[in-house]
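Since the structure is predicted, the reported quantities are computational estimates derived from the model, not experimental observations. First listed ligand is number 1; within each ligand, the first listed atom is number 1.
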Amino acid sequence: MKAREVNFDGLVGLTHHYAGLSFGNEASTRNQHQQSNPKLAAKQGLLKMKALADLGFAQGVIPPHERPNIAALRQLGFSGSDAQVLAKVAKQAPKLLSAVSSASAMWVANAATVSPSADSGDRRVHFTVANLNNKFHRAMEAPTTQGLLSAIFRDAQYFSIHPALPQVALFGDEGAANHNRLGAEYGDPGLQLFVYGREEAGSGLIPARYPARQTREASEAVARLHQLPASGTLFAQQNPAVIDQGVFHNDVIAVSNQQVLFCHQHAFLHQPQLLAQLQQQVSGFCAIEVPDHQVSVSDAVSTYLFNSQLLSRESGEMLLVLPEEARQHPGVWRYLNELVASGGPIGEMKVFDLRESMCNGGGPACLRLRVVLTAQEQAAVNPAVMMNDHLFATLNQWVDRFYRDRLSADDLADPQLLTEGREALDQLTKLLDLGNVYDFQQ
Ligand SMILES: NCCC[C@H](NC(=O)CCC(=O)O)C(=O)O
């Protein structure tokens with residue numbers, strides 16, 4: 001059946017700040033304590049969504065979560081009124097306040113793993129919410145993510161939304177950031193490539209310095225939940241050496257679309273064997289493997305050229321959506337221009353300023369969740385979340401009204417920030433026709 005890829009981008013939340021919460025993500029560590037600009041961050045994201053919608057791509061939006069997460073603080077023993085809870089945690093454990101205030105839900109590539117109906121046994125689109133078990137500030141996203149996905153993909157006839165896997169290291173799951181789907185037409189059965197960082201059961205290689213967030217056990221569970229045939233799945237290990245250089249998710253070093261896999265030479269363990277296998281299993285497979293002497297792993301991590309979106313134009317040509325950092329680096333930009341000029345599948349580039357998100361280690365690909373949908377499935381998606389001129393204007397006004405243009409860790413204890421956030425999200429649920437999805441609305 002004919003289908004297309006729809007991108008859903010995370011809208012940056014009101015408490016976006018730089019807290020250094022993600023050990024192993026070098027941008028997060030490096031920018032700790034920098035002042036952030038939540039208003040600019042949200043607008044940079046909206047501009048990308050709007051520009052892609054204007055180019056004819058179907059584009060949706062996924063709302064932010066309620067932050068600071070007061071319920072999480074209460075669970076950790078802080079008591080009293082909401083304002084008292086905030087005052088206590090700010091004094092006793094400011095790092096915890098930062099964690100429960102993170103706007104990290106914006107990186108929706110980590111919201112869930114998605115399998116299209118063409119691949120699943122019951123012919124529904126399957127989502128497994130990621131447990132994000134490796135980081136406290138991210139693990140708390142799962143329940144709200146489930147609620148939001150259910151409010152967007154709300155017809156159980158077409159969509160099956162699985163709760164997060166058990167919250168233990170054995171099943172560490174980071175969602176679509178470690179998942180690729182390869183194949184010719186979107187609507188035909190594809191090959192799903194699950195990329196893991198470690199295998200708890202095995203005695204295999206693991207990184208020495210930084211954590212491997214995704215386990216093979218988690219990937220296998222997701223494949224089972226999504227009812228994928230063994231012939232349509234492949235499990236491959238990320239190269240532990242590059243995790244140690246700051247590649248905390250596979251989408252920092254590889255991106256795929258249809259038959260094309262664009263990746264660094266050192267992305268995967270046993271890469272030549274993996275590529276040979278893909279060659280066998282994916283008809284028309286095309287690997288664009290970037291040699292280390294042209295782009296080093298360190299340059300890949302600092303410019304995020306692989307954290308790009310690789311999108312198919314109507315013409316069949318592919319468009320690479322890049323962050324400004326990739327253009328700023330002369331060597332990387334030269335490589336990319338040569339690539340486009342070479343006559344291969346990637347024929348065009350588009351660059352976006354996503355600096356606010358990039359400073360926390362989130363590029364264009366981190367900000368979007370890909371969902372392949374048939375026309376019927378697309379018609380069943382909550383239409384209020386789809387980007388168009390009207391929604392763009394409405395959301396910009398909403399951001400103008402509620403967002404601050406500077407925020408640092410000290411501001412997080414301000415009870416007014418919590419109130420502003422709740423008011424804003426309450427209004428947003430109405431704008432996006434989501435129903436009551438947040439705790440404060442219950
Ligand atoms: N896919 C991109 C995810 C980036 C995210 N960064 C963060 O959570 C940084 C937050 C901070 O340090 O304030 C992460 O590492 O999971």
Side-chain angles (χ1 to χ4, degrees), residues 7-10 12-38 41 44-45 48 62 64-65 67-69 94-113 130-142 145 164 172-180 195 197 207 210-214 238 243 245-255 300-304 306-309 323 325 354-370 407-412:
N7 280 270
F8 291 84
D9 277 43
V12 180
L14 292 92
T15 54
H16 157 63
H17 69 292
Y18 300 114
L21 296 168
S22 279
F23 176 63
N25 166 349
E26 296 187 341
S28 156
T29 305
R30 193 174 51 244
N31 294 304
Q32 181 175 15
H33 304 315
Q34 294 262 11
Q35 195 176 73
S36 65
N37 184 338
Q44 287 176 340
K48 169 164 94 77
I62 299 180
H65 295 195
R67 296 287 181 269
N69 186 341
K95 188 90 192 173
L96 262 186
L97 176 56
S98 248
V100 302
S101 304
S102 178
S104 54
M106 71 174 92
W107 299 297
V108 292
N110 311 116
T113 308
N131 63 18
L132 298 166
N133 180 257
N134 198 259
K135 307 276 180 250
F136 170 60
H137 73 289
R138 300 226 58 186
M140 72 178 81
E141 293 171 28
T145 297
D173 178 20
E174 301 280 315
N178 291 318
H179 177 252
N180 291 281
V195 186
Y210 289 149
R213 299 194 199 181
Q214 178 88 31
Q238 213 186 326
I243 296 182
Q245 287 176 266
V247 182
F248 55 97
H249 288 141
N250 178 247
D251 70 1
V252 175
I253 199 140
V255 60
V301 171
S302 65
T303 64
Y304 264 39
F306 296 105
N307 198 262
S308 46
Q309 290 178 255
E325 284 74 1
L354 297 164
R355 193 168 188 281
E356 287 286 323
S357 167
M358 283 288 286
C359 289
N360 254 338
C366 293
L367 287 162
R368 63 94 171 91
L369 184 66
R370 287 183 281 189
L407 200 69
S408 56
D410 293 341
D411 300 317
L412 301 171

query: Do Q44 and S357 get their side chains close enough for a donor-acceptor pair, meaning under 3.5 Å?
result: no
Here the atoms of ligand 1 under 4.0 Å from any heavy atom belonging to G20 are 11 (C), 12 (O), 13 (O)
Do the side chains of M140 and R67 get nearer than 4.5 Å, heavy atoms only? yes
When distances are taken from atom 3 (C) of ligand 1, the protein heavy atom at minimum range is R138 NH1, 3.5 Å
So the atoms of ligand 1 within less than 4.0 Å of a heavy atom of H17 turn out to be 13 (O)
Q. So is there a nitrogen or oxygen of F248 less than 3.5 Å from a nitrogen or oxygen in ligand 1?
A. no
Checklist line | R370 vs Q309 side-chain heavy atoms within contact, under 4.5 Å | finding: no
For N25, the atoms of ligand 1 under 4.0 Å from one of its heavy atoms are 4 (C), 5 (C), 6 (N), 14 (C), 15 (O)
One finds that the ligand 1 atoms under 4.0 Å from a non-hydrogen atom of H249 are 1 (N)
Item checked: S102 and R138, any side-chain heavy atoms less than 4.5 Å apart -> no
of all protein heavy atoms, closest to atom 13 (O) of ligand 1 is A19 N, 2.9 Å
Note: ligand 1 atoms sitting under 4.0 Å from heavy atoms of R213 are 14 (C), 15 (O), 16 (O)
Rounded to the nearest 0.5 angstrom, the CZ-CG distance for R368 and D251 is 7.0 Å
Atom 8 (O) of ligand 1 has as its nearest protein heavy atom H137 NE2, 2.7 Å
Honestly, for N110 the part within reach of ligand 1 (heavy atoms, under 4.0 Å) is side chain
Would you mind reporting whether N250 and N180 have side-chain heavy atoms less than 4.5 Å apart? yes
> Based purely on interatomic distance, does C366 place a nitrogen or oxygen under 3.5 Å from a nitrogen or oxygen of ligand 1?
Replying inline: no
Result for side chain to side chain donor-acceptor pair (under 3.5 Å) between H17 and one of S101, S36, S408, S98 points to S98
- N/O to N/O below 3.5 Å, does that happen between S102 and ligand 1? no
Note: ligand 1 atoms sitting under 4.0 Å from heavy atoms of G361 are 2 (C), 4 (C)
Of all protein heavy atoms, the one nearest atom 14 (C) of ligand 1 is S22 OG, 3.4 Å
Is K95 reaching over with its side chain to a backbone N or O of A19, donor-acceptor style, under 3.5 angstrom?
yes
Checklist entry - Do any nitrogen or oxygen atoms of S28 lie less than 3.5 angstrom from nitrogen or oxygen atoms of ligand 1? => result yes
So CG of N69 and CD of E141: to nearest 0.5 Å the spacing works out to 10.5 Å
Contacts of Y18 meeting ring pair (Phe, Tyr, Trp, His ring centres under 6.0 Å) (sequence neighbours excluded), chain-then-number -> H16
heavy-atom search around atom 9 (C) of ligand 1 in the protein gives N360 OD1, 3.5 Å
